[in-house]
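These values consider heavy atoms only, across backbone and side chains, with no hydrogens, waters or symmetry-generated copies. We count ligands from 1, going down the list as the structure has it; atoms in each ligand are counted the same way.
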Amino acid sequence: MEPTPWIIGNWKMKGSWAHAQHFAEGLQAFLSQSQSLSLKIGVCPPFSFLAAFKSSIDRKFLLGGQDCAPFTQGAYTGDVGAEMLQDMGCTFVLVGHSERRQHHKEDAPCLQEKLARGVEAGLKVVLCVGETQKQREEGQQTQTVSQQLQEALQGLKNPDSLLIAYEPLWSIGTHQTPSPEAVQQMAHCIQQTFQKLFPHTAQTVPVLYGGSVTAENVQTFLKISGISGVLVGGASVDLKTFLPLIEACGFV
Ligand code: PGA
């Protein structure tokens with residue numbers, strides 16, 4: 001049987017409280033109409049709007065954090081811990097998004113700690129990796145991604161809660177996407193690296209694709225062998241684009 005694909009929306013630093021409430025109600029109503037939803041839909045709003053999503057008990061979608069602190073509770077002004085996300089109803093967290101790596105200088109030791117905190121809190125952790133335009137032009141994409149995985153996953157004891165999002169940086173927010181063959185090659189590279197890092201793990205790691213995913217192209221990515229879902233930025237913030245994207249997956 002085909003595994004249930006993941007559709008994860010990452011709002012980044014967008015939206016408002018009113019928008020979040022409207023979105024949560026609209027998404028819930030839309031998904032409630034479906035008798036047999038065979039998609040795992042996740043939404044990652046900014047921390048400050050998580051509460052707008054918390055209320056409904058029979059929520060048909062998952063809630064996630066865009067990031068978590070590398071620390072457990074303590075004197076870390078401005079940080080939000082993985083256990084706090086869990087407390088707010090989150091079941092997963094993104095770690096190592098390229099915007100965090102770029103703007104917050106997140107390095108391998110930091111990512112290792114964040115992964116550990118996420119797993120300890122009982123969350124699924126979506127580790128984001130991907131090459132720059134220059135690295136792809138130089139043919140360095142597999143080496144780059146493999147190295148990112150080796151660095152971030154060093155010390156991770158149990159990979160059961162792990163998902164990997166392959167997000168080429170040159171595709172994020174640009175309307176440019178890699179060919180299906182290129183995505184398949186990267187999914188294969190990720191799986192190979194994962195097997196090397198965790199030789200005693202029988203299962204494979206779910207690999208998502210992210211970068212300029214829309215209602216128009218989502219089917220193409222979901223059909224790629226080795227791809228278990230998508231991570232959606234821009235098209236996930238508004239119901240006008242997110243609902244058609246969910247419908248386009250054809251699993252609703
Ligand atoms: P995008 O963003 O869909 O707007 O390209 C993807 C992401 O950054 O996760």
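Side-chain contact between Phe221 and Val213 is present, with heavy atoms from C-beta onward closer than 4.5 Å.
Contact detail for Gly65 and Phe47: the closest heavy-atom pair is CA-CE2, 4.5 Å. The shortest non-hydrogen separation linking Pro244 to Leu239 is CD-O, 3.5 Å.
With side-chain heavy atoms closer than 4.5 Å counting as contact, directly or through intermediates, the hydrophobic cluster containing Ile8 also holds Trp6, Leu62, Phe92, Leu94, Val126, Leu163, Leu208, Leu231.
Looking at atom 9 (O) of ligand 1, its nearest protein heavy atom turns out to be Glu167 OE2, 2.6 Å. Protein heavy atom in closest approach to atom 4 (O) of ligand 1: Gly234 N, 2.8 Å. Looking only at protein heavy atoms, the nearest one to atom 3 (O) of ligand 1 is Gly233 N, 2.8 Å.
By the 30° and 60° cut-offs, the orientation of the rings of His19 relative to Trp11 is tilted.
In this structure, Ser212 is part of the shell of residues with a heavy atom less than 4.0 angstrom from ligand 1. For the ligand labelled ligand 1, residue Ser171 lies inside the 4.0 Å heavy-atom shell. Contact between Gly210 and ligand 1 is absent, with no heavy atom of the residue lying under 4.0 Å from the ligand.
Polar contact with ligand 1: absent for Leu231 (N/O pair, distance under 3.5 Å). Every N/O-N/O distance between Ile172 and ligand 1 stays at or above 3.5 Å. Taking distance alone, with nitrogen or oxygen atoms compared against 3.5 Å, Lys12 approaches ligand 1 more closely than that limit.
Heavy-atom contacts of Gly211 reach the following atoms of ligand 1: 5 (O) (cutoff under 4.0 Å).
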Contacts under 3.5 angstrom, residues 106-116 side chains, donor-acceptor by atom type, not counting sequence neighbours:
residue, atom, partner, partner atom, Å
Glu106, OE2, Arg100, NE, 3.0
Glu106, OE2, Arg100, NH2, 3.3
Glu106, OE2, Lys114, NZ, 2.6
Asp107, OD1, Cys110, N, 3.2
Gln112, NE2, Glu151, O, 2.7
Glu113, OE1, Arg117, NH1, 2.7
Lys114, NZ, Asp67, OD1, 2.8
Lys114, NZ, Asp67, OD2, 3.2
Lys114, NZ, Cys68, O, 3.2

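Side-chain contact, Ser146 with Gln150: a donor N or O sits under 3.5 Å from an acceptor N or O.
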